[in-house]
Amino acid sequence: MTPAPQSESELLQRALDLAGFTLGEIAAKLSINCPQDLKREKGWVGMLLEAWLGATAGSKPMQDFENLGIELKSIPISYIGKPLETTFVCVAPLTGVHGLSWENSHIRQKLSKVLWIPVEGERDIPVPDRQVGMPLLWQPSEEDERQLKADWEELMEMITLGNVSKINAKHGEYLQLRPKAMNGKVLTEAYGANGQPIKAQPKGFYLRKAFTQRILNKHFVVPD
DNA sequence: GCCTGATCATGT
DNA sequence: ACATGATCAGGC
């Protein structure tokens with residue numbers, strides 16, 4: 001495990017050092033076993049990058065580099081550099097949401113500064129052969145923030161009004177809510193239509209691919 | 001169970 | 001082909 005970076009430039013330099021290497025090569029440097037596919041270790045790439053960059057491991061609901069105020073996100077990309085998956089951000093609060101605003105929300109804090117690291121994610125490339133790309137330190141533009149806030153307010157209104165059971169992934173232009181649990185049997189507390197407590201499947205906030213693709217496109221030249 | 005890290009796999 | 005809904009692993 002690498003010690004935590006003490007500055008933004010130190011973190012960026014470490015990330016730059018990874019560009020061009022394969023996941024197998026990076027795993028070997030850290031003496032970590034590299035799986036052939038991610039069917040049973042879906043978060044493996046993120047954990048590997050955390051280990052290399054010196055992120056604080058653990059399940060704490062805070063940014064990966066707390067002292068720097070930076071969140072780390074690996075993003076699987078296609079052969080032409082487009083996102084292959086949506087990006088999970090954080091779990092959605094289903095209770096205790098009275099008075100919660102976008103400005104003081106957990107998700108806004110997480111997205112205030114993100115170090116994106118593109119990694120080849122095509123399933124026909126064995127995990128050890130997948131290459132890591134150039135890192136990108138990103139902060140939401142005013143437009144990004146407006147759009148995320150609008151989606152967040154729409155989604156949170158459904159939660160607040162007890163419409164959790166009506167929520168699906170089709171809501172939200174750039175931000176969506178999807179199940180986030182080990183399986184469909186996991187239930188947590190939420191509000192019913194009359195304000196009564198009900199049990200519902202946990203939800204997570206995800207960034208749609210159109211949003212993350214725009215982030216990548218602003219900084220990298222990508223073929224059409 | 002809740003949170004982290006996400007991708008898998010099915011439905012349309 | 002792609003988005004939605006479902007799922008996998010690990011620490012606390």
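All chains are named by letter (A, B, ...) in the order of the sequence lines, taking the proteins before the strands, and each is independently numbered beginning at 1. Computation of the quantities below employed the complete heavy-atom set of this structure, encompassing side-chain atoms and omitting hydrogens, waters and symmetry-equivalent molecules.
- Between the P atom of B:dT4 and the CE atom of A:Met182 lies a distance of 17 Å, rounded to the nearest Å.
- Nucleotide B:dA6 holds its C1' atom 14 Å from the NZ atom of A:Lys209, rounded to whole Å.
- Nearest-nucleotide assignment on DNA chain B puts the 5′-proximal partner with A:Gln63, out of A:Gln63 and A:Arg123.
- Rounded to 10 degrees, the angle separating the terminal helix axes of the helix from B:dG1-C:dC12 to B:dT12-C:dA1, each built from five base pairs, is 30°.
- In this structure, the CG atom of A:Leu48 is 14 Å from the C1' atom of B:dA6, given to the nearest Å.
- Side chains of A:Gln109 and A:Gln63: a donor on one and an acceptor on the other come within 3.5 Å.
- For the residue pair A:Asp151/A:Gln147, the side-chain donor-acceptor check at 3.5 Å is not satisfied.
- Scanning atom types as modelled, one donor and one acceptor separated by under 3.5 angstrom connect the side chain of A:Lys42 and the base of C:dT7.
- Per the geometry, CG belonging to A:Leu187 stands 11 Å off C1' belonging to B:dG1, to the nearest Å.
- Contact annotation: A:Thr188 side-chain N/O to B:dC2 OP1/OP2 distance is under 4.0 Å.
- In this structure, the CG atom of A:Asp124 is 15 Å from the C1' atom of B:dT7, given to the nearest Å.
- Cation-pi geometry between A:Lys29 and A:Phe21 is met: the NZ or CZ atom falls under 6.0 Å from the ring centre, inside 45° of the normal.
- The residue A:His171 sits apart from the nucleic acid: no heavy atom pair falls under 4.0 Å.
- Closest to the side chain of A:Tyr206, from the set C:dT7, B:dG5, C:dG5, is C:dT7.
- Listed nucleotides B:dG5, B:dC8, B:dC3 differ in distance to A:Leu38; the shortest reach to its side chain belongs to B:dC8.
- Looking at the side chain of A:Glu85, the nearest of the listed nucleotides B:dG5, B:dT7, C:dA9 is B:dT7.
- For A:Val186, the side-chain atoms get nearest to B:dG1 when compared with the rest of C:dC8, B:dG1, C:dT7.
- For the salt bridge (charged side-chain N to carboxylate O under 4.0 Å, His left out) with A:Arg108, the lone residue among A:Glu153, A:Glu145, A:Glu71, A:Glu103 that qualifies is A:Glu145.
- Distances were taken from every side-chain heavy atom of A:Ala181 (C-beta onward) to each of C:dT7, B:dA6, B:dT4; the shortest belongs to C:dT7.
- Within the 4.5 Å cutoff, side-chain heavy atoms of A:Trp102 are placed close to those of A:Leu148.
- The closest side-chain heavy-atom distance from A:Phe220 to A:Ile77 is not below 4.5 Å.
- Relative to the side chain of A:Phe88, the nucleotides B:dT7, B:dT4, C:dA9 differ in distance, and B:dT4 lies closest.
- Look at A:Lys110 and you'll find a side-chain N or O under 4.0 angstrom from OP1 or OP2 of B:dT4.
- A cation-pi arrangement is present between A:Arg178 and A:Tyr206 under the rule of less than 6.0 angstrom and at most 45 degrees off the ring axis.
- Scored by the side-chain hydrogen bond (donor to acceptor under 3.5 Å, both in side chains) test, A:Ser141 finds A:Asp144 as partners (sequence neighbours excluded).
- The side chain of A:Gln176 places an N or O atom within less than 4.0 Å of a non-bridging phosphate oxygen (OP1 or OP2) of C:dT4.
- Summarising the geometry, the separation between CG on A:Asp64 and P on B:dT4 is reported as 10 Å, rounded to the nearest angstrom.
- Computed from coordinates, the A:Gln201 CD to C:dT4 C1' distance equals 12 Å when rounded to whole Å.
- Side chain of A:Pro202, nearest nucleotide from C:dT7, B:dA9, B:dC2: B:dC2.
- Using a 4.0 Å heavy-atom criterion, one finds that A:Thr87 contacts no nucleic acid atom at all.
- Look at A:Lys39 and you won't find any side-chain N or O under 4.0 angstrom from OP1 or OP2 of C:dC8.
- Contact check, A:Arg208 against C:dT4: a side-chain N or O comes under 4.0 Å of OP1 or OP2.
- Among the heavy atoms of the strands lying under 4.0 Å from A:Gly43 is at least one base atom, whether or not backbone atoms are also near.
- Among the heavy atoms of the strands lying under 4.0 Å from A:Lys180 is at least one base atom, whether or not backbone atoms are also near.
- Nucleotide B:dC3 holds its P atom 15 Å from the CD atom of A:Glu71, rounded to whole Å.
- In this structure the side chain of A:Leu49 reaches within 4.5 angstrom of the side chain of A:Val119, judged on heavy atoms.
- Applying the 4.0 Å criterion to OP1 and OP2 of C:dA6, one finds that A:Arg178 has every side-chain N and O outside that range.
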